[in-house]
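Sequential numbering from 1 along the given sequence is applied to the chain's residues.
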Amino acid sequence: MNQFKELLQTSFKSNDTEEWLDVYFTRPIGLVFAFMWKKLGVHPNAVTILSMFFGMGAGYMFYFTDLCHNLGGIVLLMLANFCDSTDGQLARMTGKKTLWGRILDGFAGDVWFFCIYLAICLRLQHQPMPYTHTNWGIWIWMLAAIAGFLCHSPQSSLSDYYRQIHLFFLKGEAGSELDSYAEQHSIYKSLSGKGNFWAKAFHYNYACYCKSQERRTPAFQRLFALLKEQFGTSAAIPPHVREQFLNGSRPLMKYTNILTFNTRAVCIYVTCLLNCPWVYLFIEITVMSCLYIYMHKCHEDLCVDIAKTL
């Protein structure tokens, strides 16, 4: 029991950035699965691949309108999320962290939601719009494209970035995955083409991912450059500067949690059970976007204020 508690605690990046549902539900169950997979000798990457199949299965189930299929979709998506928690815990327990693992882990969630968005579109395209006799048709595909590509994707990526920034100020470079475009692009350029196709593909795409995060956070980029110029390493940043940033960033962590998996999953569960998944897409475009805009403005204002004091 003590070992379980210790391993569970080490799986939390910080109390500031962890969501209560993950702390009390997802992570403990994921750790139980991790012990099981470890005994069976299963590689963490196999668990990640399994999560993709669960996510695709969830999408298939959400295509149907009856209760049984939708409950099955909920169970499968929950299993996919447990596997997503498990693979990282299993990798730490077995020391089997690999580049492939990072590629698969980042790709898995995209697969789940692509299949779910696809299922919602196929489910609704021949159904009438609310209070009309006109079928959704092409409009549901356009709505899903806006919700997925213009809202969901940038919201998730910036939320992850803000978490890593918070962890950087809280724990330093070792406790954060605050990667930069320049660093990842440099690694990409350094790899020879022969025998490094997947590594080059990963670092190229990851560099583009980092670049999109940096492009949307100009005030933080200026603050970060200023901190590097004045103090060099993260360890040399004065405690009062760290605390000033953390005090401003900590209230924003609840928004990064809302804009990641759990809130979206609950919205999908409820709207699919009520046979109105189009409501989820509108929530994504309206409510989630408003939270995203507010979070982004507060974070940029915080960085501007701190930069003025340096």
- prompt: Take atom NZ in K171; do more than 12 heavy atoms of anything else shown fall under 6.0 Å from it?
  reply: yes
field: Validation row, ring centre F282 to ring centre W278 under 6.0 Å
entry: yes
message: Counting C-beta onward and ignoring hydrogens, is there a side-chain heavy-atom pair between I237 and F168 closer than 4.5 Å?
response: yes
message: Taking the side chain as everything from C-beta on, heavy atoms only, tell me whether R264 gets closer than 4.5 Å to Y280.
response: yes
Beyond-backbone contact of V241 with P238, side-chain heavy atoms, under 4.5 angstrom: yes
message: Please verify the inter-ring angle class for H152 with Y117; under 30° counts as parallel, over 60° as perpendicular, anything in between as tilted.
response: tilted
message: Once you measure the plane-to-plane angle for Y255 and Y294, does it fall in the parallel (<30°), tilted (30-60°) or perpendicular (>60°) bin?
response: perpendicular
pair R163-S176: side-chain heavy atoms closer than 4.5 Å: no
query: With respect to V75, which candidate in L77, L79, L71 satisfies the side chain to side chain contact (heavy atoms under 4.5 Å, CB included) definition?
result: L79
- prompt: Among R27, K13, K254, which one satisfies salt bridge (Lys or Arg N to Asp or Glu O under 4.0 Å) with E18?
  reply: R27
task: Would you tell me whether N257 and N262 have side-chain atoms, one donor and one acceptor, within less than 3.5 Å of each other?
output: no
query: Mind checking whether F62 and Y269 have side chains closer than 4.5 Å, heavy atoms only?
result: yes
message: Looking at every heavy atom in both P154 and L150, which two are closest together, and how far apart are they?
response: CG-O, 3.2 Å
Contacts of type ring pair (Phe, Tyr, Trp, His ring centres under 6.0 Å), residue F107, not counting sequence neighbours: none
field: Which atom of M295 lies closest to which atom of S159, heavy atoms considered
entry: CE-OG, 3.8 Å
- prompt: Between the side chains of R216 and S157, does any donor sit under 3.5 Å from an acceptor?
  reply: yes
4.5 Å side-chain heavy-atom contact, E214 and F220: no
message: For F33, I'd like to know if atom CZ has over 12 heavy atoms of other residues, nucleotides or ligands within 6.0 Å.
response: no
- prompt: Looking only at heavy atoms, what is the nearest atom pair of S14 and L170, with distance?
  reply: CB-CD2, 3.5 Å
- prompt: Below 6.0 angstrom between ring centroids: does that apply to F245 and H299?
  reply: yes
Of F197, Y204, Y206, the residue whose pairing with Y188 passes ring-ring contact (aromatic ring centres under 6.0 Å, His included): Y204
- prompt: Around N15, counting heavy atoms of other residues, nucleotides and ligands shown, do more than 12 lie under 6.0 Å from its CG?
  reply: no
query: Is Y162 close to T217 at the side-chain level, that is, under 4.5 Å between some pair of heavy atoms?
result: yes
Side-chain donor-acceptor contact under 3.5 Å, Q125 with W141: yes
task: Take the angle between the ring planes of W112 and F261 and call it parallel below 30°, perpendicular above 60°, tilted in between.
output: perpendicular
Compile the donor-acceptor pairs under 3.5 Å between side chains in residues 37-57 and protein atoms, sequence neighbours left out, one pair per line.
{"residue": "H43", "atom": "ND1", "partner": "N45", "partner atom": "N", "Å": "3.0"}
{"residue": "N45", "atom": "ND2", "partner": "T98", "partner atom": "OG1", "Å": "3.4"}
{"residue": "T48", "atom": "OG1", "partner": "P44", "partner atom": "O", "Å": "3.2"}
{"residue": "T48", "atom": "OG1", "partner": "D87", "partner atom": "OD2", "Å": "2.7"}
{"residue": "S51", "atom": "OG", "partner": "T48", "partner atom": "O", "Å": "2.6"}

task: Could you tell me whether the side chain of C208 reaches within less than 4.5 Å of the side chain of H185, counting heavy atoms only?
output: no
